[in-house]
Amino acid sequence: MSDEIRIVVKNFNAYYGEKHALKNVNIDIPANKIMAMIGPSGCGKSTFLRSINRMNDLIENFKVDGQMMIDGNDVYDKTIDVTSLRRRVGMVFQKPNPFPKTIYENVAYGLRVNRLFKDNKELEHKIEKSLVEAGLWEEVKDDLDKSAFELSGGQQQRLCIARALVIQPEVILMDEPTASLDPISTAKIEELIQVLKKDYTIVIVTHNMQQAARVADNTSFFMLGELIEYDVTSRMFTKPVKKITEDYITGRFG
Amino acid sequence: MERHFDEELNNLKKNILKMASLVDESIAKAIKSLLERKEDLAIEVENEDNAIDMVEIEVDMLCLDLLARRQPIAIDLRFITSVMKINSDLERIGDLAANIGHKVQILLKYPQLKPLIDIPRMAELVRAMLKDSITALVDKNTELARNITARDHEVDELYVQVFREVLTHMMDDNENIKNGIELILIAKHLERMADHVTNIAEDIVYMVEGKTIKHQFEP
């Protein structure tokens, strides 16, 4: 893993009140790679994901210590502007969550609230570009004024990806992005993720071991709030170093 | 947690063990037919190779089925891919044993060239190596497996010895050439068998430790 590192995490701890949810996590996440996080429910992987763009700030009694650096800037520094952080670190959720607006307005939203365009021409250009990037343009170009809810689940998820891409983040966090999709839509999203890594750093939480094996460059295994093992994916899925990792990924666990 | 998959893997293991024991019987029978000059036994060995081939196909199908349906990873993946390679090495050993059976039928047309000492020793060594490789597979014993790869040299040395000795007989009297060549080929077959067992032992080390030791490559 001798790549350029985008996210550096050092001695990172997270707590929900008394509950110690992440225990002294140390991890380097390389730029323009896909990092998958696997582990049983409650292992801390979603907490970790949401700590990267401070989505957990909204939870009462949530606190962290240690370092979470993106491109050398501490995410939890007091001077950091959380809104601009979230602009740099986009997120895609388990269930597609388009706004109750048209397809066009869903993508336009981030540009409008952040005033990221000069004129309508630029707005339209940016919307088309991110819909193309998300692999959705051909399917929706004639229906941009239709409600986003008229799209299929897989299309809605790609719309949410387009919505994340349009404001040009550096990092995209994905929390089980295909959990509610059928196999064809899942395959499309997986293909898309692999194209996107050219321009973005991607961190994906998945419960699907085969999905991590298929798409990720590096895989991390979490358990009970600890990072147990972190390695290149091919190594993790052929000969993991720790027995507990092997037991988990082969389903011998529990 | 016991998985249903484990039952399937156990079934696969049973089949590869069956394959190994059929192959071992073939070697034993082939050498016995040579030492006791029994043509019927030699013919039997040659014919029984079909049964080994059938088990080979069965093991291959089982492996492919498990790869397709279970999409195994980590130790499960290493086990199945190793079994596929071991299967193919065992099948080659079976072929070599059948071939010895064929050569014995030719040899029996001639008087015995010389008392056979090194060839049965080679056969014993090969069978012991094969037996240990199966034990190593069942017990995941990589120390035993590594030991097998070291023993390959003993078989190689015996082959060179047989070659030199038979060559002397052939130079003494060219009436000895035809059966001499068959004897040398039988020794060569045994030497090849030991190479296949060595492959099996190397696969077992990879299966258990995830380390490649073949081609003198030990990281």
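Quick note on labels: first sequence line is chain A, next is B, and so on, each numbered from 1. Model, not experiment: these values are computed from the prediction.
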Original post:
Which atoms form the tightest heavy-atom contact between B:Ile75 and A:Arg252, and what is the distance?
Top reply: CG2-NH1, 3.6 Å
**OP:** Please round to the nearest 0.5 Å and tell me the distance separating atom NZ of A:Lys239 and atom NZ of B:Lys211.
**Re:** 8.5 Å
Original post:
Counting only heavy atoms not in A:Lys23, do more than 12 fall under 6.0 Å of its NZ?
Top reply: yes
**OP:** Of all the heavy-atom pairs spanning B:Ala74 and A:Glu246, show the shortest one and how long it is.
**Re:** CB-OE2, 3.2 Å
**OP:** Please check if atom CZ in B:Arg192 has more than 12 non-hydrogen atoms from other residues, nucleotides or ligands closer than 6.0 Å.
**Re:** no
**OP:** Return the minimal non-hydrogen interatomic distance between A:Thr238 and B:Arg78, and the atom names on each side.
**Re:** O-NH1, 2.6 Å
Subject >> Greater than 12 external heavy atoms within 6.0 Å of B:Lys114's NZ >> reply: yes
Original post:
Is atom CZ of A:Arg214 surrounded by more than 12 heavy atoms (other residues, nucleotides or ligands) closer than 6.0 Å?
Top reply: yes
Subject >> More than 12 heavy atoms of other groups within 6.0 Å of B:Arg164 CZ >> reply: no
Subject >> For the student: nearest non-hydrogen atoms of B:Ile73 and A:Phe237, plus distance >> reply: CD1-CD2, 3.4 Å
